[in-house]
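In the text below, chain A, chain B and the rest are named by the order of the sequence lines, each starting its count at 1.
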There are 2 protein chains.
Amino acid sequence: MASLDDVARAAGVSTATVSRALSGRGRTSEATRERVRAAADELGYVASATASSLASGRAENIGVIVPLMDRWFFATVLDGIAARLAPRGYDLTLYNLTDDPAQRRRLFETTLRRGRVDGLIVLSVRLSDDEVAALAALGRPVVGLGVPRGELGALRVDDTAVGRAATQHLIDLGHRDIAHLGQGFAPSGPGGGVGAGADPAYDIPTRRRAGFETAIAATRLAGLPVNGRFVEADFTVDGAHRATVALLNEPHPPTAIFAASDEMAYGVLAAARERGVAVPADLSVIGVDGHDLAGLFDLTTIDQFPHAQGERAGDAILAAVGAELPNPDETVDASASLPFALVRRGTTAPPRDWTEPSSRPRTTAPPRG
Amino acid sequence: MASLDDVARAAGVSTATVSRALSGRGRTSEATRERVRAAADELGYVASATASSLASGRAENIGVIVPLMDRWFFATVLDGIAARLAPRGYDLTLYNLTDDPAQRRRLFETTLRRGRVDGLIVLSVRLSDDEVAALAALGRPVVGLGVPRGELGALRVDDTAVGRAATQHLIDLGHRDIAHLGQGFAPSGPGGGVGAGADPAYDIPTRRRAGFETAIAATRLAGLPVNGRFVEADFTVDGAHRATVALLNEPHPPTAIFAASDEMAYGVLAAARERGVAVPADLSVIGVDGHDLAGLFDLTTIDQFPHAQGERAGDAILAAVGAELPNPDETVDASASLPFALVRRGTTAPPRDWTEPSSRPRTTAPPRG
DNA sequence: CTGAAAGCGCTTACAG
DNA sequence: CTGAAAGCGCTTACAG
């Protein structure tokens, strides 16, 4: 493969000039630039990324830390990130963060310190204090997305508002007995490290639940009390399925279920179908995410636009590492709140035998910004 | 951050010795190795990946080319690959290959030639002759997975056998009118390049269809003819949904549908539900993949173990680039056929009013190897 | 087993 | 605007 020297010789200039002409850094005359480009094209020259990185300190590579890469949500966010990085010439290196302590230590103490990335995007993982410190010690920009750590200049949707919106939708439909299927706070976090997940207030499921509680509490203050119950369940189809079966076995099952994710909502729907409970006639169901197959299930959900989230995170990290953004006009605010929107479909409806009060105020979807 | 020199000074040896002691390449005495390790630990030294790569020519990084990274199948394969690379200390760089010609050219002519990867895994993409040539010119090992190009030493499941197995399952159940929803061959391929997809015989959907035709044809030879029809549809939930609606509108709809993917099968199920066609009483449905949610839909499918496919591909590329495998005993045969298995669930059953012939031979699931 | 030294292929002050 | 030269931080024959 042709090297810088080859191009320099062919163009009759120094290697310094070739480097400047091709990279656009530093001045070169229009004429030499042309000549150099022609020579480079001719020889099929492409600069070695590793040599370039070593000399410049720029890796032109962004690391993305993801838990569970086989979940639709993360894959979609990843797609959004990649869509922004590729056109800028940045590579995307994927780091899967599991619950295995040895694997985590390896990632934070070795892999990440090899200096292969200019910046990092961290997706929805709970980090211990040590891990956050290790990230900081890297001395590279880090953008968190859905990460329960304020330190990471995190992009995030207002999960409390999401929880409130989903619950309010059910209340507005006339439901007076609503269950929320979510995940309890895991004190030690998946990392098992001291202080992992530190402040429960930052945890996504916890915040969605807080929104639920807030909406329920507001109905009491307003004088038309709604019965709200929280039910702990795994953040999976099966977990929600199990919890729903138990719920439907109770003497007085709720008339509506707010599942903390669309996949959980699928589990709810499956359980209802198996028990012969009609949706939405006997049970309304709402999820969160805007999952791929939500339309297929005719599932009402709070869409949080994961692909757009990925794009935002990609732009944010590019800005942080000093790459020019595709559109230089727009500044990326890495602390801004991300949009979400209620998508009404067929799994939510007024409860059976319910008639709309004449003067009932309707809550509209939250603003998308 | 500490450098090699720092460690050498602390341990009282040369940088060459530090490099050898830490990497394990070349001889060092037990004693100095200990001393060097202690010094390295003390200083928190981690070798710079870019300097190491430049000097050694080893990037310890594998590139993975994927289409559509937000599809469950690819995300799962990716997870399998990552599971094998990480423990060996290899990074995984993700390249999303879209249909955009400019983006493709950029990838093959520039990005990949920057020398950042030791080897490549190519997942289920159709490549033009030029693209295959560009890959070969890289001079690095390439492992194809589900790639319709024999050149790439591809791992693949026997898709013809998959098509045959799915069809045979329906025939064995007693169906005599079966439709196969698949994708027609796109002559120019997504790359739009000359010769893209070259030989249709290598295309996955085409091979599944060939298996379908073969199984149908065999029934004619055997004297109990089954009516088989191929219906072209997009490889998506919606595409299959549309095709199924059309099919169910016909005067004589089939009693069974073999969808070329599980996601397509979901579309079939949705259409059936909407039209009030009972599954499996009035319509049997089988898919292919072993999708995440197949259990939820109670969908009969041909599982092709995508996670295991990823692991195989990961092992194959590691072997090709000369990394020691986790288990040195096992040799990875990159040309071997991958396993698949029929998973019987509730969406397939004998057709209505059908009674099993007394002496009917039953076909069993194909061997998983 | 260990060290001195060249070299991997670029980038970038520093002069001119 | 352009060139000579140092340097990025490792690895690896080559001697000893």
Side-chain angles (χ1 to χ4, degrees), chain A residues 1-37 39-40 43-61 89 91 110 113-118 139-140 322, chain B residues 1-37 39-40 43-61 89 110-111 113-118 139-140 322:
Chain A
M1 239 167 226
S3 73
L4 234 207
D5 284 291
D6 299 329
V7 180
R9 221 169 301 132
V13 294
S14 72
T15 57
T17 297
V18 174
S19 177
R20 281 189 289 250
L22 258 27
S23 71
R25 298 174 181 268
R27 318 271 87 206
T28 39
S29 77
E30 181 63 32
T32 49
R33 209 177 313 142
E34 295 283 83
R35 204 140 38 87
V36 169
R37 278 199 191 133
L43 297 168
Y45 171 74
V46 175
S48 153
T50 118
S52 174
S53 296
L54 181 58
S56 73
R58 278 172 261 110
E60 305 206 313
N61 187 21
D91 274 4
T110 307
R113 301 187 61 210
R114 304 247 287 148
R116 223 171 332 212
V117 300
D118 294 318
R140 316 256 169 174
Chain B
M1 239 166 227
S3 74
L4 234 208
D5 284 292
D6 298 328
V7 179
R9 218 168 303 131
V13 293
S14 71
T15 56
T17 297
V18 174
S19 179
R20 282 189 289 251
L22 258 27
S23 70
R25 297 175 182 267
R27 316 273 86 205
T28 39
S29 78
E30 181 64 34
T32 50
R33 209 177 313 142
E34 295 284 82
R35 202 141 38 86
V36 169
R37 278 200 192 132
L43 296 168
Y45 171 75
V46 175
S48 153
T50 118
S52 173
S53 296
L54 182 58
S56 72
R58 277 173 262 111
E60 305 206 314
N61 187 22
T110 306
T111 310
R113 301 187 62 210
R114 304 245 288 148
R116 224 174 329 216
V117 300
D118 294 318
R140 314 256 170 176

Check the distance between [N]'s [atom2] and [X]'s [atom1] and give it to me in whole angstrom.
{"X": "Arg35(B)", "N": "dT2(C)", "atom1": "CZ", "atom2": "P", "answer": "8 Å"}
{"X": "Leu4(B)", "N": "dA4(C)", "atom1": "CG", "atom2": "C1'", "answer": "15 Å"}
{"X": "Arg58(B)", "N": "dT11(D)", "atom1": "CZ", "atom2": "C1'", "answer": "8 Å"}
{"X": "Arg27(A)", "N": "dC14(C)", "atom1": "CZ", "atom2": "C1'", "answer": "17 Å"}
{"X": "Arg114(B)", "N": "dC10(C)", "atom1": "CZ", "atom2": "P", "answer": "10 Å"}

Worksheet item: Can you find a side chain N or O atom of Ser14(A) that sits less than 4.0 Å from OP1 or OP2 on dT2(D)?
Response: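 For Ser14(A), the contact criterion (side-chain N or O under 4.0 Å from OP1 or OP2 of dT2(D)) is not met.
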Worksheet item: Does Ser19(A) put a side-chain nitrogen or oxygen below 4.0 Å from OP1 or OP2 of dT11(C)?
Response: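 So the side chain of Ser19(A) is within the cut-off, an N or O lying under 4.0 Å from OP1 or OP2 of dT11(C).
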Practice prompt. Please measure how far the P atom in dG9(D) lies from the corresponding atom in dA13(D), and state the result in whole Å.
Written response: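 It works out to 23 Å between them.
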Worksheet item: dT11(D) and dA15(D): how far apart are their P atoms, nearest whole angstrom?
Response: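 Rounded to whole Å, the distance is 22 Å.
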Discussion item. Quick check for you: among dC10(D), dT2(D), dT2(C), whose closest atom lies nearest to any side-chain atom of Ser29(B)?
Written reply: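 Between dC10(D), dT2(D), dT2(C), the one nearest the side chain of Ser29(B) would be dT2(C).
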Discussion item. From C-beta outward on Ser48(A), which listed nucleotide comes closest to its side chain: dG9(C), dG3(C), dG3(D)?
Written reply: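 It is dG9(C).
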Worksheet entry | Where DNA chain D forms stems, i.e. three or more consecutive Watson-Crick or G-U pairs with both distances under 3.5 Å |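 Output for stems: C:1-3 with D:14-16, C:5-12 with D:5-12, C:14-16 with D:1-3.
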Worksheet item: Are any of the side-chain heavy atoms of Arg33(B) and Arg20(B) separated by less than 4.5 Å?
Response: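 Heavy-atom side-chain distance check fails, nothing below 4.5 Å.
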